[in-house]
Novice: 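Below is the structure I would like to discuss, written out as structure tokens.
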Amino acid sequence: MFDSPSLSANQLLMGLPSEEYKRLVPYLKPVSLSLGQVIYEPKQLIKEVYFPLEAMISLVSIMKDNSTTEIGLVGNEGMVGLPVFLGGNTATNRAIVQVHGNALKMDASVLRSEFERGKKLQQKLLLYTQARLTQISQIAACKSHHLIEERLARWLLSVNDCVNRDELPLTQKFISEMLGVRRASVTEAAIALQKAGLISYSRGQITIQQRKQLEEAACECYGLIRDEFKRLLG
């Protein structure tokens with residue numbers, strides 16, 4: 001486990017006034033999330049919400065044939081469990097840990113009560129929801145219009161932003177499932193990015209070598225999503 005919750009560890013919590021944050025602290029429980037851990041399944045009642053610190057959680061759509069596609073990803077910029085304060089109360093997609101690490105967990109009832117106070121937390125959560133809607137819609141458009149190499153670059157940059165480190169413990173199998181493409185396509189795209197010196201890849205880990213050049217190789221979707229999060233959440 002790790003030390004007591006840090007105000008600077010999660011950006012949503014960091015944006016709260018000190019008084020509001022201090023009121024939440026007794027209800028924030030530190031947890032360690034492991035790779036592949038399923039936080040929610042579709043239609044599951046959400047009893048707890050999560051604020052990632054170092055972990056990254058993917059929101060995954062599951063088809064009848066069990067194929068999967070990522071529709072969103074959450075790192076220390078946000079939280080998992082939006083339906084709790086939007087009124088739905090149940091998960092619509094699978095939420096699965098893609099990068100292991102620490103998080104803060106809170107009972108859903110506490111978050112709902114704090115949201116209904118109508119103060120800064122409510123404003124931040126609504127703005128975060130708008131940013132997430134932009135992320136989801138842009139990812140959907142990206143799949144129809146951009147090459148796999150551009151999409152892989154965009155996705156790696158997003159993961160990098162979520163966990164704030166260049167060494168990413170990611171397998172090609174996981175990446176192919178998240179992007180909704182064949183594993184061979186991910187391999188070809190990763191080789192191309194590696195040959196260009198933008199990333200290095202060894203079994204189970206990708207390291208970003210040239211961040212600026214990787215941004216240039218990514219499709220426009222990365223910048224659109226990043227800028228919207230900055231505009232709404234600072």
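These numbers were taken from a predicted model, which means no experiment stands behind them.
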Novice: Donor-acceptor pair, distance only, cut-off 3.5 Å: does the side chain of Gln37 make one with the backbone of Ser34?
Specialist: yes
Novice: Do Ile208 and Val186 land in one hydrophobic cluster if side-chain heavy atoms of ILVMFWY residues count as linked below 4.5 Å?
Specialist: yes
Novice: For atom NZ of Lys119, is the number of surrounding heavy atoms from other residues, nucleotides or ligands below 6.0 Å larger than 12?
Specialist: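 Open: at most 12 neighbouring heavy atoms sit under 6.0 Å from NZ of Lys119.
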Novice: Taking the side chain as every heavy atom from C-beta outward, state whether Phe115 and Leu126 have any atom pair closer than 4.5 Å.
Specialist: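 SC-SC contact between Phe115 and Leu126 confirmed.
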Novice: Which heavy atom of Cys219 sits nearest a heavy atom of Cys142, and at what distance?
Specialist: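 That closest heavy-atom pairing would be SG-SG, 3.5 Å.
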Novice: Check whether any side-chain heavy atom of Val99 lies under 4.5 Å from a side-chain heavy atom of Pro169, and answer yes or no.
Specialist: yes
Novice: Would a 4.5 Å heavy-atom cut-off, applied to side chains only, mark Leu193 and Ile206 as touching?
Specialist: no
Novice: Roughly how far, to the nearest 0.5 Å, is CZ of Arg132 from CG of Leu73?
Specialist: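 It is 9.0 Å, given to the nearest 0.5 Å.
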Novice: Evaluate whether atom OH of Tyr27 has more than 12 neighbouring non-hydrogen atoms of other residues, nucleotides or ligands under 6.0 angstrom away.
Specialist: no
Novice: Measuring only between side-chain heavy atoms, which start at C-beta, is Met178 closer than 4.5 Å to Val60?
Specialist: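 In contact.
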Novice: As an exercise, state the distance from CE of Met79 to OG1 of Thr129, rounded to the nearest 0.5 Å.
Specialist: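 Going from the CE atom of Met79 to the OG1 atom of Thr129 covers 8.0 Å.
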Novice: Indicate if Leu133 and Ile139 have the same hydrophobic cluster label, given that clusters are the connected sets of ILVMFWY residues with side-chain heavy-atom separations under 4.5 angstrom.
Specialist: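 Different clusters: Leu133 never reaches Ile139 through Ile, Leu, Val, Met, Phe, Trp or Tyr contacts under 4.5 Å.
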Novice: Does NE2 belonging to His100 count more than 12 external heavy atoms closer than 6.0 Å?
Specialist: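 It does not: His100 NE2 has 12 such atoms or fewer within range.
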Novice: Between CG of Leu214 and CG of Leu156, what distance do you get to the nearest 0.5 Å?
Specialist: 6.0 Å
Novice: Just by distance, do the side chain of Glu70 and the backbone of Leu179 share a donor-acceptor pair under 3.5 Å?
Specialist: no
Novice: Are the side chains of Glu54 and Asn164 in touch, meaning some heavy atoms are under 4.5 Å apart?
Specialist: no
Novice: Quick check: does any side chain N or O of Tyr128 sit under 3.5 Å from a backbone N or O of Phe229, one acting as donor and the other as acceptor?
Specialist: no
Novice: Hey, are Lys212 and Glu216 close enough for a salt bridge, meaning a charged N less than 4.0 Å from a carboxylate O?
Specialist: no
Novice: Between Asn93 and Ser61, which heavy-atom pair has the shortest distance, and what is it?
Specialist: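 Between these two residues, the closest heavy atoms are ND2-CA, 3.8 Å.
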Novice: Out of curiosity, Leu127 CG to Gln130 CD, how far, rounded to the nearest 0.5 Å?
Specialist: 6.5 Å
Novice: So which heavy atom on Arg112 is nearest to which on Val84, and how close?
Specialist: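 Heavy atoms only, the tightest pair is NE-O, 3.4 Å.
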Novice: Can you tell me if Tyr50 uses its side chain to pair, donor with acceptor, with the backbone of Leu33 under 3.5 Å?
Specialist: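 No; zero donor-acceptor contacts below 3.5 Å.
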Novice: Identify whether the distance between the nearest side-chain nitrogen and carboxylate oxygen of Arg23 and Glu114 falls below 4.0 Å.
Specialist: yes
Novice: When rounded to the nearest 0.5 angstrom, what is the spacing between CG in Leu157 and CD1 in Ile225?
Specialist: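 Those atoms lie 11.0 Å apart.
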Novice: Taking Arg165's backbone N and O only, do any of them form a donor-acceptor pair with Asn160's side chain (distance below 3.5 Å, no angle check)?
Specialist: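 Pair found, side chain donor or acceptor close to backbone of Arg165.
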Novice: Any side-chain heavy atom of Leu233 within less than 4.5 Å of one from Gln11?
Specialist: no
Novice: Please answer whether the main-chain N or O of Leu147 pairs with a side-chain N or O of Glu150 as donor and acceptor at a distance below 3.5 Å.
Specialist: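 Yes, the answer is positive, given that a donor and an acceptor are paired below the 3.5 Å cut-off.
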Novice: Any side-chain to backbone donor/acceptor pair from Gln194 onto Tyr201? Under 3.5 Å, distance only.
Specialist: yes
Novice: Considering only NZ, NE, NH1 and NH2 on the basic side and carboxylate oxygens on the acidic side, decide whether Glu215 and Arg226 come within less than 4.0 Å.
Specialist: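 Yes, Glu215 and Arg226 are salt-bridged.
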Novice: Looking at Lys173 and Glu177, does any basic side-chain N land under 4.0 Å from a carboxylate oxygen?
Specialist: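 Salt bridge flag = yes for Glu177 with Lys173.
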Novice: Any donor and acceptor pair, going by atom type alone, linking the side chain of Asn10 with main-chain N or O of Pro52 inside 3.5 Å?
Specialist: yes
Novice: Can any side-chain N or O of Gln138 pair as donor or acceptor with the backbone N or O of Leu224 at less than 3.5 Å?
Specialist: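 Answer holds: no.
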Novice: Could you tell me if the side chain of Asp161 sits less than 4.5 Å from the side chain of Glu77, heavy atoms only?
Specialist: no
Novice: Are the side chains of Glu167 and Gln205 in touch, meaning some heavy atoms are under 4.5 Å apart?
Specialist: yes
